[in-house]
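Every chain is numbered from 1, with letters handed out A, B, ... down the list of sequences.
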Protein chains: 2
Amino acid sequence: MRKRETVRRTTAKEVAAAAGVSKWTVIRAFTPGSSITDESKRRVMEAAAALNYSPNLLARSLATNSTRQVAVFVDDFRNPQKLPFLETLTERLQAAGLVAMLININNHFDHVHALLHADQRQVDAVILFGTAFRDETLTDRQLGNGMPPMFVLARDSQIDGVPAVVCDAELALRDIVDHLHDRGYRRPGFMSGAPALSTALRRRQHFTDFWAGKGVSEVELLSAEKYSAEAGADSVRQYLSQSTPGNRIDVLMCENDILALGAMDEIRGGFGLRVPDDIAIVGFDNYELSGSSAYSLTTYEQPRHEMIDAIIGMIVGSIKAETMTLPGKMIVRKST
Amino acid sequence: MRKRETVRRTTAKEVAAAAGVSKWTVIRAFTPGSSITDESKRRVMEAAAALNYSPNLLARSLATNSTRQVAVFVDDFRNPQKLPFLETLTERLQAAGLVAMLININNHFDHVHALLHADQRQVDAVILFGTAFRDETLTDRQLGNGMPPMFVLARDSQIDGVPAVVCDAELALRDIVDHLHDRGYRRPGFMSGAPALSTALRRRQHFTDFWAGKGVSEVELLSAEKYSAEAGADSVRQYLSQSTPGNRIDVLMCENDILALGAMDEIRGGFGLRVPDDIAIVGFDNYELSGSSAYSLTTYEQPRHEMIDAIIGMIVGSIKAETMTLPGKMIVRKST
DNA sequence: TTGTATGCGTTATCAC
DNA sequence: GTGATAACGCATACAA
């Protein structure tokens, strides 16, 4: 690793010498609300500008015991939904004077290593963005003492005392089922992705429950194993090829948009069926492509901004740090 | 902002007391390659484990003047291509013992602010990932002295002395045009997105040049203004509705996959034309969806891993820091 | 091999 | 309002 710089950054001490004051006065000039005369401040700022000085945040962090850095753990970069979340997250963090350390959780750098590393870096908080983490591998001491506070974004928390901010799945599925029922659909199907995810299981459960509440007890279950357009297409192909036109589902809800897009392609291209006339489709997450005229997919949008504002509020302490469930909104398009 | 911790982290000093050595011996135990007896090291490590000690990277950074943090500037989160790049980038950085600070460049936090901030944070390097930055706004002193070394990823560098790592556009377009010519296409069209991007202009220029080299001097130019499926669809719709079937293009190259997917949808769904029989399509970047059976889009893949390895090599100093142009590879599918 | 002194650049706290 | 002292936790250089 190369040395960071050939030329040293100017320090408060040097500015002090140039301005003819002590270095503490320089610090005061750069500390909002501290007691200093306008004249002193002016002279300091002049010297600082001339010497191109700016405070060293590293040294500040060491002294204040606050880095204003937040570690963001991500383990699935295949979900396009991550991108708009990262955009909003970084934007709002920066607006709050914080900065995101993006940590890739993978086989070589798992949650435990990442958490230990984040702790060594003295981050102010850790956001588990869509990643699962059970604390079995960490001792109580490791989790409790000195560890940065953790928050879970867009997924359930599996650890006591670790708050999560999630989209209200019950409300979402109720809205969706209501909408489908209003449209006259009565033979629903549900395509799930990874079966191990609790958020996934919850969506499916609510879907079947709400249909049951409307007197529809049979929900066809399709399974796509993983979240990709290909998997969605495969899953629906398998279903359609072993079902007869007479008793097919009339609407298919997919666990997320990428499955829905793949399924829609296959239904139209592979089987020559019409959407929504033969089979209606609903997704979840509202990807950018879902709104294009070719798909026009009815879907559900998570309250991204609200979720992120909430989690940042917990981090900075402006709102209470406890699990929150926020309502999203339906996006009705032509696929239903 | 809440105080970071209620319980202080244990320090080298405390471990030293517990192990019955001086704190410098503790440091040595945690410094690979330093001279220390096995016995001392064992005792230190034992005490460290008991007290749950790990070195404070913040203090280390202040002392060594190296944070092992790299700022990654991103300004366009709408391009799905960013996600796999971020995945590989974070993975490889972490493998090199570095960590990524993700900086969102937007109206409120522009390049100048971000660079100043990164400098204050003492990052070891700055990666401009797909963002444009001209140095007109910074004085020479600001850019030269003490600033962290900058590198441009997946875009041209517009600053002298700032190396860029890019996909070889000339080679790519040559391969593409060769392929299309081999397939028998002779009436090519090119759809561009944002006209201001130099990478964009370059692709178009090479495309027309290579066709000219094959005796095809006319290339139909479509313009999509921005990079979205919708824009791609709009652009091709406008073209098709004001052209007659007789003298239409027989192949359309789009500047990236998202344009191509939108265009393909419109060509098939909106006009009932067949791909590739009526019009063939080529994209660029190989998005995940492009490989699905519904699209099967011929495209070109940037050498992501090689590009990222190169830029990290420059950062850690294992390879010379100078602009590199790396060859990608064609992905031929059914759309041509 | 080990201990000591000093420095990294800032903030917190006190005396003036 | 300003200057001085101590502290943050670790690394470097030197002496033992």
S.K.: Establish, from distance only, whether the side-chain atoms of A:Thr325 and A:Asp168 form a donor-acceptor pair under 3.5 Å.
M.R.: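 No, no side-chain donor-acceptor pair sits under 3.5 Å.
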
S.K.: Tell me which residues in residues 30-45 of chain A lie within less than 4.0 Å of DNA chain C, going by non-hydrogen atoms.
M.R.: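 Of all residues in residues 30-45 of chain A, none places a heavy atom under 4.0 Å from DNA chain C.
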
S.K.: A:Arg121 CZ to D:dC10 C1': how many Å, rounded?
M.R.: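 Between C1' of D:dC10 and CZ of A:Arg121: 15 Å.
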
S.K.: Considering residues at least two apart in sequence or located in another chain, which fulfil the salt bridge (charged side-chain N to carboxylate O under 4.0 Å, His left out) criterion with B:Glu91?
M.R.: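 For B:Glu91 there are no salt bridge (charged side-chain N to carboxylate O under 4.0 Å, His left out) partners, ignoring immediate neighbours.
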
S.K.: Is there a side-chain contact (heavy atoms from CB on, under 4.5 Å) between A:Gln69 and B:Met101 once you walk through the steps?
M.R.: CA-CA 9 Å; A:Gln69 294 202 176; B:Met101 264 180 45; 3.9 Å; yes

S.K.: Using a 4.0 Å cut-off on heavy atoms, which residues in residues 11-19 of chain B reach DNA chain D? List them by number, or say none.
M.R.: B:Thr11, B:Ala12

S.K.: Who pairs with B:Thr11 by side-chain contact (heavy atoms from CB on, under 4.5 Å), at least two apart in sequence or on another chain?
M.R.: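 Applying side-chain contact (heavy atoms from CB on, under 4.5 Å) to B:Thr11 gives B:Arg8, B:Lys13, B:Glu14.
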
S.K.: Does atom NE2 of A:His305 have more than 12 heavy-atom neighbours from other groups under 6.0 Å away?
M.R.: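 Yes, enclosed.
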
S.K.: Which residues pass the salt bridge (charged side-chain N to carboxylate O under 4.0 Å, His left out) test with A:Asp156, sequence neighbours left out?
M.R.: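 Expected list: A:Arg202.
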
S.K.: Can you list everything that forms a side-chain contact (heavy atoms from CB on, under 4.5 Å) with A:Leu57? Sequence neighbours excluded, please.
M.R.: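 Once residues adjacent in sequence are excluded, the partners of A:Leu57 under the side-chain contact (heavy atoms from CB on, under 4.5 Å) criterion are A:Arg60, B:His117, B:Gln120, B:Arg121.
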
S.K.: Does B:Ala154 offer a backbone N or O that forms a donor-acceptor pair with the side chain of B:Gln302 under 3.5 Å?
M.R.: no

S.K.: Rounding to an integer number of Å, can you tell me how far A:Asn65 CG sits from C:dT10 P?
M.R.: 18 Å

S.K.: If we fit an axis to the first five pairs and another to the last five of the helix from C:dT1-D:dA16 to C:dC16-D:dG1, what angle do they make, to the nearest 10°?
M.R.: 40°

S.K.: Which residues satisfy the ring pair (Phe, Tyr, Trp, His ring centres under 6.0 Å) test with A:Tyr53, sequence neighbours excluded?
M.R.: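 Per chain and number, A:Tyr53 pairs via ring pair (Phe, Tyr, Trp, His ring centres under 6.0 Å) with A:Phe30.
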
S.K.: Test of understanding: with ring pair (Phe, Tyr, Trp, His ring centres under 6.0 Å), list the residues that count as partners of B:Phe129, not counting sequence neighbours.
M.R.: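 With neighbours one apart ignored, the set is B:Phe85.
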
S.K.: CG of B:Leu62 versus C1' of C:dC8: gap in Å, rounded?
M.R.: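 Atom CG in B:Leu62 sits about 4 Å away from atom C1' in C:dC8.
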
S.K.: Calculate the interatomic distance between B:Gln120 atom CD and C:dC8 atom P; express it in whole Å.
M.R.: 19 Å

S.K.: Which residues pass the side-chain contact (heavy atoms from CB on, under 4.5 Å) test with A:Glu46, not counting sequence neighbours?
M.R.: A:Arg42

S.K.: Report yes if a side-chain nitrogen or oxygen of A:Thr25 is closer than 4.0 Å to either non-bridging phosphate oxygen (OP1 or OP2) of D:dG3; otherwise report no.
M.R.: yes

S.K.: Whole angstroms only, please: what is the CG-P distance between A:Leu57 and C:dT11?
M.R.: 9 Å

S.K.: Taking salt bridge (charged side-chain N to carboxylate O under 4.0 Å, His left out) as the test, write out the residues that go with B:Arg78, two or more places apart.
M.R.: A:Glu87

S.K.: Please list, for nucleotides 4-7 of chain C, all pairs of protein and nucleotide N/O atoms separated by less than 3.5 Å.
M.R.:
unit_1 : atom_1 : unit_2  : atom_2 : d
C:dA5  : N6     : B:Trp24 : NE1    : 2.5

S.K.: B:Asp124 side chain to B:Arg68 main-chain N or O, any donor-acceptor pair under 3.5 Å?
M.R.: yes

S.K.: Would you mind reading off the distance between A:Gln122 atom CD and D:dC10 atom C1', rounded to a whole angstrom?
M.R.: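 Those two atoms, CD and C1', are 12 Å apart.
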
S.K.: Can you tell me the distance, in whole Å, between the CD1 atom of B:Ile27 and the P atom of C:dT1?
M.R.: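 Rounding to the nearest Å, CD1 of B:Ile27 and P of C:dT1 are 18 Å apart.
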
